[in-house]
Enquirer: 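Before we start, here is the structure in question, set down as structure tokens.
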Amino acid sequence: MSDIVVIGAGQAGAALVSKLRAAGHAGAITLIGAEPVLPYQRPPLSKAYLLGQMDEDRLMLRNAEFYADNAITLRLGAPVTGIDAAAKTVTLGDGTLRYDQLALTTGSIPRRLPASLGGDLPGVYTVRSLADVDAMRPEFRPGRRLVIVGGGYIGLEAAAVAAKLGLEVTLLEAALRILQRVAAPETSDHIRALHARHGVQILEGIGLDRLLGETRVCGVRLADGRELPADFVITGVGVVPATALAELAGLTLDNGIATDAHGRTSDPAIWAAGDCASFPWHGGRLRLESVQNAIDQAELVAENMLGAGKDYHPMPWFWSDQYDTKLQIAGLSTGYDRIVTRGPEGEAVSFWYYHGETLLAVDAMNDPRAYMVGKRLLESGRSPDPARVADPATPLKTLLT
């Protein structure tokens, strides 16, 4: 009977240990987390929690009784400092913990602006952990000036919250457009217009020179020399997979912790899942940063740790809430060569990504029917005629037949 240790008490770690018990593992299970709180949801941090519409208890994925009832030992507020793969031990605090199998669900860490650019000034925040958001929440007061560096989903969601709370918001994006890395120009245009209607100033195609301030941030200087005042700054310039422990253990790294199709790393006793892990995909490697992937991959790894021998076949989906708009995304748009637009119909519009005649992904704004139809089509490997998708006279459900 094997003892299993899981390092990383986020969405993937919580899903993995829960699945281990549900699948019948009778040995010891220990879940280790660096943060001193129960595993919780991260997506609401930059949305409902920051807005004050969700309290901390509702963030928690499971209550403490669940872990106790399932004989899952929690070691919280306990950063792991080392892994000895040969001895099969992990080091935390002054002690070590032995394992028969180990899973790394260490997630990702936010990129920070370097100290040389003012990134370590007080009043500069990232949006990743509960502690991050708790620290910045007192800053969100009407009339204050917020500058957000980075036009990805995290930055845009924070901008939406700030605008709704009455702050003056400027968002900077060094690329030519917001969401350039992850979405089509049509989606960028829709989201940009949404923020403009709520008073957010978005500056695209302009880099940051540095943050200004001596003892606290007081503004930003742009690459063209302009200076903008700021009472505080949020940086949303992406994340990197948390691979430091994997590197200490001598594991192979490739866009994160490299795993095989089962989730096993280069060490046969060590597995990985979630934001930190990359897996084989269409002849290359893919790493996904999403709740859905964290859960699905972690649950598959749990089964494979018990001998299931299943390959991981992701069916990606994502979402983002900004103001009263819900953006739902199905599939991966990488490699698209055209966009088919359906709508708008009232507040609903969707953008369908194609490569040739093959459907790759769908972005649906306030259009849950388009999202669900697109998701089902992608899951079944079907690609509807783009002309039918674009024709408002074509009922969405008929695309499935």
Side-chain angles (χ1 to χ4, degrees), residues 40-59 110 112-113 118-119 121-174 177-179 187-204 206 208 210-213 215-222 226-237 319-328 346-347 365-366:
Y40 60 88
Q41 309 171 66
R42 293 192 190 276
L45 292 178
S46 58
K47 308 178 186 77
Y49 184 74
L50 184 55
L51 197 55
Q53 296 176 340
M54 177 183 284
D55 59 30
E56 184 174 322
D57 287 346
R58 288 177 57 204
L59 286 176
R112 299 179 183 275
L113 295 178
L121 283 169
V124 180
Y125 302 94
T126 57
V127 185
R128 186 61 184 171
S129 69
L130 180 60
D132 289 337
V133 178
D134 282 344
M136 74 174 70
R137 284 177 82 178
E139 305 270 17
F140 283 73
R141 301 193 298 275
R144 303 195 80 217
R145 299 162 299 183
L146 166 63
V147 173
I148 298 173
V149 181
Y153 288 120
I154 290 294
L156 290 164
E157 288 167 359
V161 169
K164 289 177 76 170
L165 293 175
L167 281 75
E168 297 179 17
V169 185
T170 302
L171 183 143
L172 310 178
E173 173 52 62
R177 59 181 175 86
I178 57 173
L179 302 176
T187 296
S188 297
D189 292 345
H190 188 90
I191 297 297
R192 184 189 305 105
L194 171 67
H195 281 271
R197 292 196 298 272
H198 287 84
V200 174
Q201 182 182 22
I202 294 180
L203 303 179
E204 296 163 295
I206 183 68
L208 175 73
R210 64 168 294 108
L211 304 182
L212 304 174
T215 59
R216 178 184 168 87
V217 70
C218 64
V220 302
R221 181 184 298 134
L222 306 183
R226 281 181 292 168
E227 295 186 358
L228 305 176
D231 295 305
F232 67 109
V233 170
I234 294 175
T235 60
V237 291
W319 81 95
S320 178
D321 294 320
Q322 298 172 44
Y323 309 105
D324 296 325
T325 294
K326 177 176 283 294
L327 167 60
Q328 295 171 288
E347 296 296 316
M365 269 69 72
N366 288 338

Enquirer: Please report the closest heavy-atom contact between Leu50 and Leu165, naming both atoms and the distance.
Expert: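 Looking at all heavy atoms of both residues, the closest pair is O-CD1, 4.5 Å.
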
Enquirer: Residues in side-chain hydrogen bond (donor to acceptor under 3.5 Å, both in side chains) with Glu227, at least two apart?
Expert: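 Only Arg221 meet the side-chain hydrogen bond (donor to acceptor under 3.5 Å, both in side chains) criterion with Glu227.
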
Enquirer: Who pairs with Arg42 by side-chain contact (heavy atoms from CB on, under 4.5 Å), at least two apart in sequence or on another chain?
Expert: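 So Arg42 forms a side-chain contact (heavy atoms from CB on, under 4.5 Å) with Glu35, Tyr40, Leu45, Arg128, Ser129.
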
Enquirer: With side chain to side chain contact (heavy atoms under 4.5 Å, CB included) as the test, would you mind laying out the steps for Asp324 and Glu347 before giving the verdict?
Expert: CA-CA 10 Å; Asp324 296 325; Glu347 296 296 316; over 6 Å; no

Enquirer: Closest heavy-atom contact between Pro229 and Val147?
Expert: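 So the minimum-distance heavy-atom pair works out to O-CG2, 3.9 Å.
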
Enquirer: Working to the nearest 0.5 angstrom, can you tell me the gap between Thr325 OG1 and Ile191 CD1?
Expert: 6.5 Å

Enquirer: Check Ala159 against Val169 and note the closest heavy-atom contact, atom names and distance.
Expert: CB-CG1, 4.0 Å

Enquirer: So do Tyr125 and Glu139 actually touch side chain to side chain, heavy atoms under 4.5 Å?
Expert: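 The answer is yes; the side chains approach within 4.5 Å.
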
Enquirer: Applying side-chain hydrogen bond (donor to acceptor under 3.5 Å, both in side chains), name anything that partners Lys164, two or more places apart in sequence or on another chain.
Expert: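 side-chain hydrogen bond (donor to acceptor under 3.5 Å, both in side chains) check on Lys164 returns nothing, list empty.
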
Enquirer: Mind checking whether Tyr49 and Val161 have side chains closer than 4.5 Å, heavy atoms only?
Expert: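 No, their side chains stay 4.5 Å or more apart.
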
Enquirer: Applying ring pair (Phe, Tyr, Trp, His ring centres under 6.0 Å), which residue pairs with at least one partner in residues 136-159 are found, sequence neighbours left out?
Expert: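 For residues 136-159, and leaving out neighbouring residues, the ring pair (Phe, Tyr, Trp, His ring centres under 6.0 Å) pairs sorted by first residue read Phe140-Phe232.
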
Enquirer: List the residues meeting side-chain hydrogen bond (donor to acceptor under 3.5 Å, both in side chains) with Arg210, not counting sequence neighbours, and say none if there are none.
Expert: none

Enquirer: Using only atom types and a distance under 3.5 Å, with no angle test, would you say the side chain of Arg141 pairs donor to acceptor with the backbone of Gly166?
Expert: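 Not confirmed, Arg141 side chain does not pair with Gly166 backbone.
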
Enquirer: How many angstroms lie between atom CG of Asp189 and atom CD1 of Ile178, to the nearest 0.5 angstrom?
Expert: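 Reported to 0.5 Å precision, the distance equals 8.5 Å.
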
Enquirer: Between CG of Leu156 and CG of Leu194, what distance do you get to the nearest 0.5 Å?
Expert: 9.0 Å

Enquirer: Hey, what do you get for CD (Gln328) to CG (Asp321), rounding to the nearest 0.5 Å?
Expert: 8.5 Å

Enquirer: So which atom in Arg177 and which in Ser188 form the shortest heavy-atom distance, rounded to 0.1 Å?
Expert: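 Looking at all heavy atoms of both residues, the closest pair is NH1-OG, 2.6 Å.
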
Enquirer: Measure the CG-CD distance between Leu171 and Glu204 for me, rounded to the nearest 0.5 Å.
Expert: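 The distance works out to 8.5 Å.
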
Enquirer: Minimum heavy-atom separation for Ala163 and Val200, please, with both atom names.
Expert: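 Shortest heavy-atom contact: CB-CG2, 3.8 Å.
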
Enquirer: State, yes or no, whether a side-chain contact exists between Leu59 and Pro44 at a heavy-atom distance under 4.5 Å.
Expert: yes

Enquirer: Identify, with sequence neighbours excluded, every residue that meets side-chain contact (heavy atoms from CB on, under 4.5 Å) alongside Ala174.
Expert: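 side-chain contact (heavy atoms from CB on, under 4.5 Å) check on Ala174 returns nothing, list empty.
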
Enquirer: Taking side-chain contact (heavy atoms from CB on, under 4.5 Å) as the definition, give me every residue that meets it alongside Val217, ordered by chain and number, with sequence neighbours left out.
Expert: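 If we apply the side-chain contact (heavy atoms from CB on, under 4.5 Å) test to Val217, skipping adjacent residues, the hits are Leu121, Val124, Leu211, Val233.
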
Enquirer: State plainly whether the residues Glu157 and Lys47 are in salt-bridge range, i.e. N to O under 4.0 Å.
Expert: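 Result for this pair is yes, salt bridge flagged.
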
Enquirer: Mind checking what makes salt bridge (charged side-chain N to carboxylate O under 4.0 Å, His left out) contact with Glu173, not counting sequence neighbours?
Expert: none

Enquirer: Taking all non-hydrogen atoms of both residues into account, name the closest pair between Ile148 and Ala158 and its distance.
Expert: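 Shortest heavy-atom contact: CD1-C, 4.0 Å.
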
Enquirer: How long is the straight-line distance from CG of Leu327 back to NE2 of His190, given to the nearest 0.5 Å?
Expert: 8.5 Å

Enquirer: Closer than 3.5 angstrom, by distance alone: can the side chain of Asp231 be matched with the main-chain N or O of Arg145 as a donor-acceptor pair?
Expert: yes

Enquirer: Listed by chain and number, what are the salt bridge (charged side-chain N to carboxylate O under 4.0 Å, His left out) partners of Asp132, not counting sequence neighbours?
Expert: none

Enquirer: Quick one: does Leu228's side chain get under 4.5 Å of Leu203's, heavy atoms only?
Expert: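 Yes. Closest side-chain heavy atoms under 4.5 Å.
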
Enquirer: With sequence neighbours left out, write down each residue that passes salt bridge (charged side-chain N to carboxylate O under 4.0 Å, His left out) with Arg112, or none if nothing qualifies.
Expert: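 If we apply the salt bridge (charged side-chain N to carboxylate O under 4.0 Å, His left out) test to Arg112, skipping adjacent residues, there are no hits.
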
Enquirer: With sequence neighbours excluded, what pairs up with Gln322 under the side-chain hydrogen bond (donor to acceptor under 3.5 Å, both in side chains) test?
Expert: His195, Ser320

Enquirer: Using the side-chain contact (heavy atoms from CB on, under 4.5 Å) criterion, which residues pair with Arg58? Sequence neighbours excluded.
Expert: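 Counting only residues at least two positions away or on another chain, Arg58 forms a side-chain contact (heavy atoms from CB on, under 4.5 Å) with Met54, Asp55.
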
Enquirer: Go through the steps to decide whether Leu208 and Leu113 satisfy the test side chain to side chain contact (heavy atoms under 4.5 Å, CB included), and finish with yes or no.
Expert: CA-CA 10 Å; Leu208 175 73; Leu113 295 178; 3.7 Å; yes

